[in-house]
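Only one structure is covered here, and it is reproduced in the block below.
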Amino acid sequence: MSKVSVGTKRLLLGRPFRSDTVGDSPLAKRIALPVFASDALSSVAYAPEEIFLVLSLAGLSALTFTPWVGLAVAVVMVVVIACYRQNVRAYPSGGGDYEVATVNLGPNAGLGVGAALLIDYVLTVAVSISAAAANIGSAIPFVYSNEAVFAVIAIILLTAMNLRGIRESRAMFAVPVYAFMISMAVLVVWGLFQVDVLDRDLRAESADFELVTPDGVAVTGLALAFVVAKSFASGCAALTGVEAIHNGVPAFRRPRARNAATTLVVLGVVSISFLLGLIVLAIRLGVQIAEDPAAQLIGAPEDYQQKTMVAQLAEPVFAGVPVVFYAVMGVTALILILASNTAFNGFPVLASRLARDKYLPRQLATRGDRLAFSNGIVLLAVAAIVLVVAFDAQVTVLIQLYIVGVFVAFTLSQLGMIRHWTRQLETEQIPAVRRRMRRARVVNAVGFVLTAGVLVIIMASRLFAGAYIAVLAMLAVFGVMKLINRHYESVARELDDSSWEVVLPSRTHCVVLVSKLHLPTLRALAYARATRPDTIEALTVNIETAETRTLVREWERRRISVPLKVVESPYREINRPVVDYVKRLREQSPRDVVIVYIPEYVVGHWWEQLLHNQSALRLKSRLLYERGVMVTSVPWQLSSSDGRAQQASDEPVIGRWGGPEE
């Protein structure tokens with residue numbers, strides 16, 4: 001009996017899957033925090049650093065501007081979380097912003113959200129893995145000089161694990177997430193306790209360096225406002241991950257909507273606390289983050305390797321216990337890698353939904369034999385690797401492309417929710433329910449204004465710094481999906497044409513292609529005769545005169561009853577003479593059907609395929625375009641294909657066929 005995976009057995013038996021993705025405590029079982037916290041918490045690891053980095057380009061004091069920028073980001077996060085509490089209650093099916101925009105604003109708005117989220121998922125993998133490489137590189141110098149290689153290897157390993165069908169187990173998510181939360185809490189609390197209570201002089205390694213602008217010119221006026229706005233836009237990366245909870249509502253325990261809303265609150269409180277805590281601690285320790293340390297940090301050694309903000313904070317705070325420092329860096333890198341795995345779950349699911357709606361190729365809607373959307377996983381991995389290699393795994397560069405997509409989704413989603421509540425109010429008659437709906441509409445309206453404002457700031461401050469690449473990518477994906485949809489709709493209309501009447505052919509004419517008189521040819525002749533056609537003939541193309549004469553003599557010697565016809569090929573080509581001959585048959589008898597039998601042998605290994613010229617495949621691809629012509633392949637399995645056939649029979653049925661195309 002062949003082996004079948006547990007997931008396959010459950011699906012075949014009709015048993016529903018149960019999520020094994022939550023912690024052990026009653027609260028964790030309800031809110032599933034470990035599963036959805038990795039993406040949001042991971043952004044806290046680099047969002048404060050990006051705020052410092054942008055301000056450093058203008059040589060601005062972190063003490064003056066960073067706290068206010070951090071507070072502004074926290075306010076935006078509070079509003080977005082309040083809005084998404086409304087979203088998960090109104091649309092608990094797991095369709096996320098794509099469903100909200102499609103239902104309330106129309107297909108084009110939903111498609112725009114879908115394109116934005118697809119690009120954002122790719123950037124989530126690229127940014128998170130690159131940030132993980134940077135954090136590990138801060139503790140291990142070898143990784144620092146090979147960050148791109150490390151990032152590519154990490155993406156490949158994640159891809160392999162997801163293709164194998166790993167499930168979000170509570171051990172996989174709960175341990176790293178809670179470890180990261182504990183490590184950040186200890187880092188912030190213990191660091192501030194040493195500075196404020198014990199009055200210790202903790203200084204980051206970059207605190208004694210002098211930060212200057214790259215060109216040495218002070219920034220003032222409108223340029224100053226622009227820099228602060230850009231810093232705020234970079235800090236808004238901390239909001240990524242909120243949308244993942246909306247997509248994952250079906251994974252929660254009942255009542256799903258309420259538990260998802262509770263998770264949003266817990267996640268918001270934790271993320272805001274860590275964000276502001278890291279900013280305050282970084283200011284107290286005098287952390288300096290520069291885009292070009294060699295030019296901007298006066299007093300730094302020539303071989304100075306700038307570490308991440310978390311590393312610069314953890315090193316002095318845990319100066320006496322280096323093991324804790326390495327543990328903090330390891331946990332930070334791990335949470336960043338887990339955050340990218342969230343994209344490996346979200347991207348294939350969103351792509352499958354778009355494929356079912358005929359906006360992406362149908363291959364993205366089918367599951368593999370491990371019940372994972374394998375094609376979507378591979379597509380995401382390839383796109384992320386291209387970005388990592390193209391930008392050399394530099395978070396400071398990749399971050400410029402980031403969060404454009406997620407705020408496009410935020411904005412359209414809130415506009416859709418305003419439309420949703422307006423429609424509901426038109427039919428609702430109960431006063432208490434109407435008051436609740438009005439409050440919800442006000443919350444979403446505030447969210448729309450705020451997220452739209454942030455989107456404008458992001459576009460204004462980042463467009464020419466790299467965000468235009470993300471915008472162009474979203475427009476390109478949007479356009480491609482529209483073309484794909486147009487193709488599928490055109491095919492559906494043509495195939496569903498009821499005006500076509502079935503007309504049986506007058507006669508059937510069989511043509512058996514012959515290159516040599518060997519076993520595949522004899523089998524094809526036997527099969528063709530077994531169909532009892534009206535006429536049958538064998539056809540060969542004269543490429544080498546000597547070989548053709550040998551074939552004709554052998555044909556006559558064996559007294560094969562099927563007549564053999566030879567067509568000339570002045571340019572030593574096979575496909576064109578055969579196609580032209582078949583066309584002439586069709587022209588002579590337009591109501592006849594021509595059946596072309598192509599004998600071919602089947603090998604079992606990919607490298608054996610490379611040793612053959614695949615002439616049968618090329619010929620079939622040409623004949624398929626001819627009307628009134630049927631192409632029949634007659635395979636002859638070689639001995640090397642036996643093992644492949646046995647392997648195919650042992651595989652589970654699941655995933656080998658995606659079902660009929662709609």
So do the side chains of [X] and [Y] get within less than 4.5 Å of each other, counting heavy atoms only?
X	Y	answer
H420	V103	no
L336	I129	no
K358	I484	no
V433	Q424	no
I156	I385	yes
L412	D97	no
Q86	R441	no
T632	I595	yes

Assess the residue pair V125 and I155 against the criterion (side-chain contact (heavy atoms from CB on, under 4.5 Å)); give the C-alpha distance rounded to whole Å, side-chain angles, the decisive distance to 0.1 Å, and a yes or no.
CA-CA 8 Å; V125 176; I155 293 174; 4.1 Å; yes
Would you say the side-chain atoms of [X] pair up with the backbone N or O of [Y], donor to acceptor, closer than 3.5 Å?
X	Y	value
N375	Q363	yes
S271	G268	no
T411	V408	no
N162	L158	yes
R89	R258	no
Y488	R362	yes
S490	H487	no
R419	L105	no
R434	E428	yes

Return the minimal non-hydrogen interatomic distance between A355 and P361, and the atom names on each side.
CB-O, 3.4 Å
Count the heavy atoms of every other residue, nucleotide or ligand shown that sit under 6.0 Å from CZ of R423, and state whether that count exceeds 12.
yes
Verify the neighbour count for atom CZ of R622: are there more than 12 heavy atoms of other residues, nucleotides or ligands below 6.0 Å?
yes
Can you list everything that forms a side-chain hydrogen bond (donor to acceptor under 3.5 Å, both in side chains) with N485? Sequence neighbours excluded, please.
none
Note: E600-K620 ion pair, threshold 4.0 Å (strictly below)
yes
